[in-house]
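Heads up: the structure comes next, in structure tokens.
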2 protein chains.
Amino acid sequence: MDIQLKRGLLDVCVLAAIKNEDSYGYRIIKDLRPYVVLSESTLYTILKRLEAASMLTVRTAEHEGRLRKYYHITAAGLRRIEDFRNEWKEVISIYQFVTKEEGHA
Amino acid sequence: MDIQLKRGLLDVCVLAAIKNEDSYGYRIIKDLRPYVVLSESTLYTILKRLEAASMLTVRTAEHEGRLRKYYHITAAGLRRIEDFRNEWKEVISIYQFVTKEEGHA
DNA sequence: CACAATACTTCGTGATACGATGTATTACGC
DNA sequence: GCGTAATACATCGTATCACGAAGTATTGTG
């Protein structure tokens with residue numbers, strides 16, 4: 001999909017991916033794949049950004065001898081999703097403006 | 001609205017604003033105001049970009065002693081709007097993923 | 001023992017929205 | 001007739017950000 005359109009969606013996608021259960025990088029990418037494809041470099045950049053914005057917290061844990069970083073959503077992260085939902089009305093009105101067929105003459 | 005979310009919408013908004021009738025900078029901004037607010041510097045950057053991508057053509061005309069640049073959408077510009085419409089299914093599926101309430105426990 | 005899959009990291013680049021600022025002209029109030 | 005707003009277009013610099021490329025290290029698997 002169009003990279004610019006993606007930009008406004010990726011952050012909330014990642015937050016949504018850890019909303020119900022803590023998760024880690026590799027799994028987030030797989031879970032999101034049906035909806036959006038993102039590379040590792042993109043994901044880890046986003047995770048750092050969201051952590052800096054206190055929208056998630058990180059915890060390192062060992063899993064079968066390998067270290068994993070588990071990400072946990074915070075109240076601010078949940079609020080971010082809520083803000084996104086609230087903005088959706090505007091997005092829909094823009095979509096309708098862009099796609100309306102008034103000049104079919 | 002969130003600037004990142006805006007990014008994927010602005011180009012098509014501008015194209016939609018000239019879809020049915022040629023228009024010029026100042027008027028495009030006013031016409032779009034109910035849907036998205038954008039500054040002049042942003043608009044003219046977008047217009048240049050869309051012209052470079054052959055999605056619109058420019059014609060300079062005098063209007064009451066003042067020069068105006070009128071923008072006219074091309075077939076490629078119309079196709080761009082069509083592509084946007086086709087991508088919307090993906091956007092909706094992302095929106096549903098992000099906002100679904102499965103973990104209300 | 002090579003190769004894929006898992007897991008995380010860093011670096012550089014190109015795209016782009018926006019504020020600040022500038023240039024002109026017309027219109028309006030006083 | 002003079003300032004101020006509105007109209008109209010333009011340029012510059014900056015911050016944000018998705019991504020490819022490349023790297024490190026471990027665990028299977030043939």
Side-chain angles (χ1 to χ4, degrees), chain A residues 1-15 17-18 22-33 35-53 55-56 58-71 80 84 87 90-91 94, chain B residues 1-15 17-18 22-33 35-53 55-71 80 87 90-91 94:
Chain A
M1 81 178 284
D2 176 63
I3 186 175
Q4 301 307 325
L5 202 46
K6 230 169 146 171
R7 274 175 117 98
L9 305 170
L10 276 183
D11 277 31
V12 280
C13 279
V14 171
L15 287 172
I18 61 169
D22 291 3
S23 188
Y24 56 94
Y26 223 73
R27 182 172 151 204
I28 293 172
I29 290 178
K30 283 194 172 171
D31 287 347
L32 289 181
R33 189 122 52 205
Y35 307 102
V36 256
V37 174
L38 73 172
S39 68
E40 290 174 70
S41 59
T42 301
L43 203 231
Y44 290 110
T45 306
I46 293 172
L47 288 169
K48 283 237 179 80
R49 184 164 67 234
L50 293 175
E51 191 194 357
M55 295 197 182
L56 51 79
V58 192
R59 155 180 61 93
T60 303
E62 202 178 308
H63 176 80
E64 288 171 12
R66 205 197 310 252
L67 284 183
R68 265 188 193 161
K69 285 184 151 189
Y70 284 90
Y71 298 91
R80 175 74 180 81
F84 174 75
E87 262 183 344
E90 291 174 57
V91 174
I94 290 173
Chain B
M1 81 179 283
D2 177 63
I3 186 175
Q4 300 306 324
L5 202 46
K6 231 169 146 170
R7 275 174 117 99
L9 305 170
L10 276 182
D11 277 30
V12 280
C13 278
V14 171
L15 287 172
I18 62 168
D22 291 2
S23 189
Y24 55 95
Y26 222 74
R27 184 174 149 202
I28 293 172
I29 289 178
K30 284 194 171 171
D31 288 346
L32 289 181
R33 189 119 54 203
Y35 308 102
V36 255
V37 174
L38 73 171
S39 67
E40 289 174 70
S41 59
T42 300
L43 204 229
Y44 289 110
T45 306
I46 292 172
L47 287 170
K48 284 239 177 76
R49 183 164 67 235
L50 292 176
E51 190 193 357
M55 295 197 183
L56 52 79
T57 55
V58 193
R59 154 180 62 94
T60 304
E62 204 179 306
H63 177 81
E64 288 173 10
R66 204 197 311 250
L67 284 183
R68 264 189 195 160
K69 285 184 150 191
Y70 284 89
Y71 299 91
R80 175 72 181 80
E87 262 183 343
E90 292 175 56
V91 174
I94 290 173

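In the text below, chain A, chain B and the rest are named by the order of the sequence lines, each starting its count at 1. Bear in mind that the values here come from a model prediction, so they are computed numbers and not experimental data.
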Gap between atoms [atom1] and [atom2], on [X] and [N] respectively (whole Å):
{"X": "A/Lys69", "N": "C/dC8", "atom1": "NZ", "atom2": "P", "value": "8 Å"}
{"X": "A/Arg27", "N": "C/dT6", "atom1": "CZ", "atom2": "P", "value": "14 Å"}
{"X": "A/Leu10", "N": "C/dA15", "atom1": "CG", "atom2": "P", "value": "18 Å"}
{"X": "B/Lys6", "N": "C/dC18", "atom1": "NZ", "atom2": "C1'", "value": "9 Å"}
{"X": "A/Glu62", "N": "C/dC8", "atom1": "CD", "atom2": "C1'", "value": "15 Å"}
{"X": "A/Ile46", "N": "C/dT9", "atom1": "CD1", "atom2": "C1'", "value": "15 Å"}
{"X": "A/Arg68", "N": "C/dC8", "atom1": "CZ", "atom2": "C1'", "value": "12 Å"}

Any carboxylate oxygen within less than 4.0 angstrom of a Lys/Arg side-chain nitrogen, looking at A/Arg80 and A/Asp11?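 Not counted as a salt bridge, because no side-chain N and carboxylate O are separated by less than 4.0 Å.
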When you check the gap from the basic side-chain N to the acidic O, do A/Arg27 and A/Asp31 get nearer than 4.0 Å?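 Counted as a salt bridge, because a side-chain N and a carboxylate O are separated by less than 4.0 Å.
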Look at all strands and tell whether A/Arg66 reaches a base, only sugar-phosphate, or nothing, counting heavy atoms closer than 4.0 Å.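 Touches a base.
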Students often get this wrong, so: under 4.0 angstrom with heavy atoms, is A/Arg7 touching a base, only sugar-phosphate, or nothing?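 Since a base atom lies under 4.0 Å of A/Arg7, the category is base.
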Kindly indicate whether the side chain of B/Ser41 and the base of C/dG19 share any N or O donor-acceptor pair separated by less than 3.5 Å?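 Indeed, a donor on one side and an acceptor on the other fall under 3.5 Å apart.
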Nucleotide range of DNA chain D lying under 4.0 Å from chain B heavy atoms: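 Boundary nucleotides touching chain B, in 5' to 3' order, are D/dT7 to D/dC17.
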Between B/Lys30 and B/Thr42, name the one whose nearest nucleotide on DNA chain D is closer to the 5' end.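 Its nearest nucleotide being more 5', the pick is B/Lys30.
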Residues in ring-ring contact (aromatic ring centres under 6.0 Å, His included) contact with B/Tyr24, at least two apart in sequence or another chain: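 With sequence neighbours excluded, B/Tyr24 shows a ring-ring contact (aromatic ring centres under 6.0 Å, His included) to B/Tyr70, given in chain and number order.
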Between A/Thr45 and A/Thr42, is any side-chain donor less than 3.5 angstrom from a side-chain acceptor?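 Per modelled atom types, A/Thr45 and A/Thr42 side chains form no pair under 3.5 Å.
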For C/dA7, does either OP1 or OP2 sit under 4.0 Å from a side-chain N or O belonging to A/Tyr24?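 For C/dA7, OP1/OP2 do have a side-chain N/O of A/Tyr24 under 4.0 Å.
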Using the closest heavy atom to pick a nucleotide of DNA chain C for each, name whichever of A/Gln4 or A/Tyr44 lands nearer the 5' end.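 It is A/Tyr44 whose nearest nucleotide is closer to the 5' end.
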5' priority, DNA chain C, between A/Leu67 and A/Ile3 [closest heavy atom]: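 Closest to the 5' end, via its nearest nucleotide, is A/Leu67.
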Approximate separation, where rounding is to 0.5 Å, of B/Ile29 CD1 and B/Tyr44 OH: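 Going from the CD1 atom of B/Ile29 to the OH atom of B/Tyr44 covers 6.0 Å.
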Residues two or more places apart in sequence or in another chain: which of them pass side chain to side chain donor-acceptor pair (under 3.5 Å) with A/Ser23?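 With sequence neighbours excluded, A/Ser23 shows a side chain to side chain donor-acceptor pair (under 3.5 Å) to no residue whatsoever.
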